[in-house]
Amino acid sequence: MTGSPRKIAVVGGGIAGLATARFLLERSRQEGVELDVRLFERERRLGGHIATSREAGFLIEGGPDCFVSQKPWGLRLASELDLEQAVTGTKTMGGGKTYVLKGGVPHALPDGVMLMVPTKFMPLARTHLLSWPGKLRMGLDLVLPRGGSADETLGDFVRRRLGEEALERIAEPLVAGVHAGNPDRLSLMSTFPRFKTMEDEHRSLVLAMLRARRKTRSKPAAARSAFVTLQPGLDRFIVALEEGMPPGTVRRAAVVQGLEHGAGGGPPYNLGHSSGESGGGTLQEAFDEVVLAVPAFAAAGLLRELAPAAATELGQIEFVDAATVSLGFARADVAHPLDGFGLVIPRSEGRQIMGITWSSSKFPGRAPEGHLLVRAFVGGTKAPELLREDDETLLATVEREVTGLLGARNPVVRRLYRWEQAMPQYNVGHRQRVESIERRMKVLPGVHLAGGSYWGIGIPDCIASADRVASAILGRANAPQ
Ligand SMILES: Cc1cc2nc3c(=O)[nH]c(=O)nc-3n(C[C@H](O)[C@H](O)[C@H](O)COP(=O)(O)OP(=O)(O)OC[C@H]3O[C@@H](n4cnc5c(N)ncnc54)[C@H](O)[C@@H]3O)c2cc1C
């Protein structure tokens with residue numbers, strides 16, 4: 001090998017940035033390619049939205065608390081990091097039951113409702129969550145033809161197939177809630193393309209779900225819980241990723257402030273960053289390739305000079321604030337059995353919180369003996385004003401709602417995590433916008449985008465984006481120069 005190694009900057013120390021750095025380091029070693037990888041993280045703490053805290057025997061997840069097992073990248077990374085033994089599925093107490101609030105009272109989602117699609121007749125017939133006209137309207141899905149536009153809203157799609165009541169009572173809190181978004185703005189194709197595929201392939205969502213269920217039943221080995229987490233906390237991903245990197249790879253408290261073209265003859269990009277080592281000023285460092293694993297609005301700021309058209313479109317991706325409030329109780333102080341996974345709250349209930357997860361019922365090891373842990377989700381497009389309150393007001397409001405709903409009192413632990421501009425909104429037009437951004441980014445060969453702003457917000461999607469970017473960089477490194 002000749003010359004100095006190619007220098008790669010990864011901006012952002014969330015799961016996407018850390019996974020990108022990891023894949024680059026591991027695969028370049030395997031392929032015998034020399035790369036010099038540097039990761040810049042604005043904060044002292046790594047992990048971005050992944051944040052775990054431990055207090056008084058409780059294990060509290062401030063951001064994500066699990067990830068889907070159906071998309072392989074999360075589990076694959078766990079096994080690459082020797083975290084396989086730490087992966088745990090959901091507990092089954094209450095059979096994975098989810099409650100929906102109606103008229104201030106939690107009603108169990110009827111057995112057989114998968115995502116938002118009913119697959120069992122009797123439980124649907126018996127539930128008080130939906131009116132009879134609402135139930136019959138859901139059943140119409142069986143006979144309705146295909147329809148809709150190429151990029152319709154989640155709201156229009158659900159109204160068309162299952163009816164208004166199914167949207168209000170089930171799809172909005174359960175499905176749109178994942179994005180903390182408004183179903184009348186979210187794009188079906190960008191948030192839940194699976195539903196569109198179901199309609200395209202099977203016409204009816206109910207028939208599609210029934211057929212899918214029959215297929216999984218005939219494959220007994222595929223019995224992995226749909227949602228998994230790391231038993232000692234999701235921050236184990238972050239710790240393991242950093243530990244696997246050579247010393248000096250990760251620079252904490254290093255704010256990347258700008259990206260410029262390099263001087264002729266040298267590497268093509270100059271990255272301006274400030275950190276302790278720059279004494280508060282800006283240091284310029286030259287790189288061959290740059291990965292922006294930061295939210296789209298932060299990438300927009302960094303690309304304003306070099307790719308103004310891409311930057312404008314990046315800035316058009318909307319984000320909303322969110323917060324989580326975890327409350328720990330002695331078991332004797334909670335009247336609700338906390339069976340199942342939690343409670344979702346439709347917008348029409350006029351509450352300040354979007355839902356409550358029974359954290360200690362969902363996953364093992366979340367609360368000490370004789371105690372329970374729950375976590376409320378706040379904000380998004382539903383109650384943005386609550387997030388403008390100070391910490392104590394916000395905590396007190398959430399505590400009041402949670403204790404009222406669960407018949408609980410005297411929390412022994414209260415922990416608030418605020419997440420500003422945290423949830424990208426994949427509104428109608430998102431896919432076209434991201435494709436257009438990618439085309440416009442071609443003016444900057446060697447500058448890449450990764451993370452949850454573009455092709456999926458879940459942890460596995462973020463890792464998949466890291467995988468794609470690492471492959472692209474190694475492909476370029478291996479190409480004849
Ligand atoms: C409350 C909440 C709950 C969630 N629940 C789930 C869940 O249960 N399951 C799931 O799969 N997903 C969940 N998600 C989504 C998931 O957590 C995120 O999509 C994912 O963690 C994003 O990772 P990322 O690396 O793309 O971005 P981030 O985690 O945002 O990391 C980006 C990093 O870039 C840094 N940065 C920004 N600008 C600069 C700069 N100029 N210079 C240097 N560094 C910079 C930031 O400080 C940050 O650390 C949740 C998200 C939130 C907010």
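Throughout, residue positions are numbered sequentially from 1 according to the sequence presented. Just so it is clear, the structure is predicted and the values come from calculations on it, not from any experiment. We count ligands from 1, going down the list as the structure has it; atoms in each ligand are counted the same way.
Closest heavy-atom approach to atom 25 (O) of ligand 1 among the candidates Gly62, Ala16, Pro460, Ser453: Ala16.
In terms of polar-atom proximity, defined here as any N/O pair under 3.5 Å, Glu41 does make such a contact with ligand 1. Note: no N/O pair closer than 3.5 Å links Val294 and ligand 1 by distance alone.
Scanning the protein for heavy atoms near atom 20 (C) of ligand 1, the closest one is Cys462 SG, 3.8 Å. The nearest heavy-atom contact from the protein to atom 28 (P) of ligand 1 is His49 ND1, 3.8 Å. Given atom 44 (N) of ligand 1, the protein heavy atom at minimum distance is Arg42 N, 3.0 Å.
Under the 4.0 angstrom criterion for non-hydrogen atoms, Tyr417 is not in contact with ligand 1.
Residue-level proximity to ligand 1 for Pro64 is carried by backbone and side chain together, each with a heavy atom below 4.0 angstrom. Within the 4.0 Å heavy-atom criterion, the part of Met423 lying near ligand 1 is the side chain and not the backbone.
Glu61 has no carboxylate O lying under 4.0 Å from a charged side-chain N of Lys362, or vice versa, which leaves the two without a salt bridge. Electrostatic pairing of Lys196 and Asp151 does not count as a salt bridge here, judged by no charged N lying under 4.0 Å from a carboxylate O.
For Asp111, the side chain to side chain contact (heavy atoms under 4.5 Å, CB included) partners two or more places apart in sequence, or in a different chain, are Lys120, Pro123. By the salt bridge (charged side-chain N to carboxylate O under 4.0 Å, His left out) test, Arg433 is found to be paired with no residue, residues two or more places apart in sequence or in another chain being considered.
The main-chain N or O of Lys7 is found under 3.5 Å from a side-chain atom of Asp288 such that the two form a donor-acceptor pair.
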